[in-house]
Protein chains: 2
Amino acid sequence: MADATISGRAADAVVEEIEREIVSGDLASGRLLPPERDLVARFGISRAAVREVIVTLTNKGLLESKPRHRPVVRKPGFDTAFSALGGIVTHLLKQDGGVKTLFDVRIFLEAALVRHAALSARKEDIAALRAALERNRAAIEDPVLFDNTDVAFHAVFYTIPGNPVFPAVHQAFVHWLYDHWQSMRRSPEQNLVYHAGHRDIFEAVRDRDPEAAEQALSAHLSEAWATVKETFEDGATGGDTNRGA
Amino acid sequence: MADATISGRAADAVVEEIEREIVSGDLASGRLLPPERDLVARFGISRAAVREVIVTLTNKGLLESKPRHRPVVRKPGFDTAFSALGGIVTHLLKQDGGVKTLFDVRIFLEAALVRHAALSARKEDIAALRAALERNRAAIEDPVLFDNTDVAFHAVFYTIPGNPVFPAVHQAFVHWLYDHWQSMRRSPEQNLVYHAGHRDIFEAVRDRDPEAAEQALSAHLSEAWATVKETFEDGATGGDTNRGA
DNA sequence: AATTGAATTCTGGTCGACCAAACTGGTCAG
DNA sequence: CTGACCAGTTTGGTCGACCAGAATTCAATT
């Protein structure tokens with residue numbers, strides 16, 4: 001499968017070995033990978049092959065290699081996994097309805113999360129939402145800060161299920177959509193509207209009304225979409241996402 | 001970003017260029033990538049660098065390179081994106097509660113999908129579900145076929161929203177969980193139970209009852225989880241055992 | 001003694017050459 | 001005329017060497 005990719009190269013065995021060592025903790029996260037030459041000696045392969053191994057592991061997200069430095073070991077987390085997607089998704093977004101497609105997914109997922117929150121949020125969760133909402137309100141005048149608090153507010157919903165995958169997904173969404181999101185520099189008036197959306201969502205959740213919460217979330221994001229959309233629909237292809245297969 | 005992650009190398013510029021060409025269609029999907037030497041000549045870099053480019057693109061999922069053959073261009077799709085995750089997720093699953101974490105996500109997402117289906121499935125969708133259910137019923141005696149029809153039944157829900165991301169996600173789930181999934185499920189009696197679960201879900205969707213649908217799905221998958229769980233909980237959650245392969 | 005800067009060494013980046021498998025075509029036997 | 005075999009070419013895989021930037025060390029100066 002994914003590991004054995006499709007290769008048959010000598011490098012592959014080494015890739016698996018290093019992967020094992022990283023996962024098992026023999027190569028602790030944060031540590032530096034041994035110098036390429038050491039690996040050459042250890043595995044009896046050429047430097048080029050080692051190099052290939054490093055590139056592969058880097059792309060897999062298990063290593064973080066800066067231009068001229070030793071690669072740093074990074075134990076994989078779900079967030080790591082999603083960041084590995086980055087490259088491809090970036091291109092997918094450029095294709096026809098890419099952004100809309102992704103945004104739709106976000107709406108869908110977040111609607112479910114909000115519903116879930118309305119049904120099973122604990123007191124602490126509600127408190128966290130309230131706090132995030134307040135910070136969001138306080139930042140209405142500050143474009144940048146509002147942006148951050150906006151993201152933070154939504155982020156809370158991704159943490160409520162307590163499953164590490166959701167925050168990772170959220171992070172990925174933010175990352176991927178950030179450019180578009182930002183193209184439409186927000187005005188205080190706009191922020192006011194968004195904040196109102198957040199408030200509606202919060203209140204519905206607080207009142208334990210899943211339907212209303214989902215509805216509010218849906219309305220809020222659809223609204224946001226309508227605004228974002230304009231930023232890159234100067235002459236769009238018109239194709240509307242759906243019905244792909 | 002993925003670009004910037006490793007960048008600094010000469011190879012990076014080439015990676016971006018090739019990426020562009022693939023996305024733009026200049027390098028059509030299915031075609032073979034030009035020989036490495038051609039690229040060497042064209043970009044004025046060494047063979048090793050070209051090689052690195054190819055490895056990178058392969059890992060990104062834009063190329064499919066078999067051991068001793070010319071790489072094949074693969075236009076990225078959302079499915080491609082998820083398959084890129086494979087390597088990491090495979091390892092994540094081996095860590096402590098990895099499988100459960102992922103399975104929970106599946107339950108969560110699929111519950112939302114089922115609910116969505118109950119609310120907005122079209123006639124064709126219902127018909128597709130009915131057909132899938134029937135095929136599933138007919139296969140109760142056949143372990144392998146049942147497996148396939150089981151997956152196929154669930155798959156229908158992922159297609160209903162009409163967003164290409166969901167089928168890709170489903171495919172990824174199946175891929176990642178398949179091993180565990182397969183460790184058990186092989187008795188007709190068990191299949192009977194599962195089919196009943198499917199039927200309950202279908203009927204709820206058909207009757208346009210989102211609550212019941214979600215409930216049925218949740219029960220069905222939780223049940224499946226309970227069974228799957230046993231297949232790898234012989235010793236348990238705590239110590240992470242192995243080193244082994 | 002502390003600091004700084006230059007020389008040394010270490011390490012990653014790049015390259016060109018060599019090897020072996022795959023592909024091509026052309027020829028010869030049936 | 002057809003098909004299998006063989007040689008030449010193409011092309012990917014591997015390697016060792018060389019280059020340049022980064023880290024380290026150590027000594028000279030303040």
Side-chain angles (χ1 to χ4, degrees), chain A residues 2-19 21-22 26-74 87, chain B residues 2-19 21-22 26-74 87:
Chain A
D3 308 312
T5 337
I6 330 139
S7 356
R9 289 91 110 128
D12 246 10
V14 178
V15 169
E16 287 193 15
E17 174 57 22
I18 306 265
E19 271 184 319
E21 292 186 16
I22 294 179
D26 289 351
L27 284 173
S29 185
R31 281 288 188 301
L32 281 70
L33 193 73
E36 297 183 357
R37 275 145 183 114
D38 287 11
L39 299 177
V40 167
R42 196 167 132 215
F43 293 102
I45 57 178
S46 82
R47 248 199 68 234
V50 168
R51 197 128 234 294
E52 185 174 321
V53 170
I54 292 177
V55 172
T56 299
L57 291 176
T58 299
N59 286 326
K60 278 194 176 188
L62 275 72
L63 293 180
E64 187 146 357
S65 72
K66 280 171 301 194
R68 217 82 166 91
H69 300 271
R70 297 266 285 285
V72 178
V73 175
R74 238 181 101 175
Chain B
D3 313 309
T5 346
I6 342 154
S7 22
R9 300 94 130 94
D12 244 13
V14 179
V15 168
E16 287 192 17
E17 174 57 23
I18 307 264
E19 271 185 321
E21 292 186 16
I22 293 179
D26 288 352
L27 284 172
S29 185
R31 284 290 182 291
L32 281 71
L33 193 73
E36 299 183 357
R37 276 151 182 108
D38 286 11
L39 298 178
V40 167
R42 196 169 133 215
F43 293 102
I45 58 179
S46 83
R47 197 88 183 292
V50 167
R51 198 127 231 294
E52 186 175 320
V53 170
I54 292 177
V55 171
T56 299
L57 290 176
T58 299
N59 288 325
K60 278 193 176 187
L62 275 70
L63 293 180
E64 189 145 357
S65 71
K66 280 170 300 218
R68 205 82 174 126
H69 300 273
R70 298 267 285 285
V72 178
V73 175
R74 235 180 102 177

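Below, all heavy atoms of this structure are taken into account, side chains as well, without hydrogens, waters or symmetry copies. Labels below follow one simple rule: chain letters A, B, ... track the order of the sequence lines, proteins then strands, and each chain is numbered from 1.
Across the protein-nucleic acid pair, B:Arg37 atom CZ and C:dA17 atom P stand 11 Å apart, rounded to whole Å. At whole-Å resolution of the value, CG in A:Asp38 and C1' in C:dC10 are 11 Å apart. Look at NZ on B:Lys66: it is 19 Å from P on C:dA21, rounded to the nearest Å. Rounded to a whole Å, the CD atom of B:Glu52 is 10 Å from the C1' atom of C:dT14. We find that CD of A:Glu36 is positioned 15 Å from P of D:dA22, with the value rounded to whole Å. At whole-Å resolution of the value, CZ in A:Phe43 and P in D:dT14 are 15 Å apart. Rounded to an integer number of Å, the gap from CZ of A:Arg47 to P of D:dG16 is 12 Å. In this structure, CG of B:Leu63 is placed 17 Å from P of D:dT11, rounded to the nearest angstrom.
The CZ atom of B:Arg74 sits 11.5 Å away from atom OG of B:Ser65, with the distance rounded to the nearest 0.5 Å.
Put simply, B:Arg70 has a side-chain N or O that comes within less than 4.0 Å of OP1 or OP2 on D:dG12. At the phosphate of D:dA23, OP1 or OP2 sits under 4.0 Å from a side-chain N or O atom of A:His69. Residue A:Ser46 places no side-chain N or O under 4.0 Å from the OP1 or OP2 atom of D:dT14.
Salt bridge A:Arg31/A:Glu21: absent, no basic N to carboxylate O contact under 4.0 Å. A salt bridge is absent between B:Arg70 and B:Glu36: the closest approach of a Lys/Arg side-chain nitrogen to an acidic carboxylate oxygen does not fall below 4.0 angstrom.
Across C:dA21, C:dC15, D:dG21, the shortest atom-to-atom separation from the side chain of A:Arg68 is found for D:dG21.
Position along DNA chain C of the nearest nucleotide to B:Gly44 versus A:Pro34 favours A:Pro34 as the more 5'-ward residue.
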- After noting the C-alpha distance and the side-chain angles of A:Val50 and A:Ile45, does the key distance pass the side-chain contact (heavy atoms from CB on, under 4.5 Å) rule? CA-CA 7 Å; A:Val50 168; A:Ile45 57 178; 3.8 Å; yes

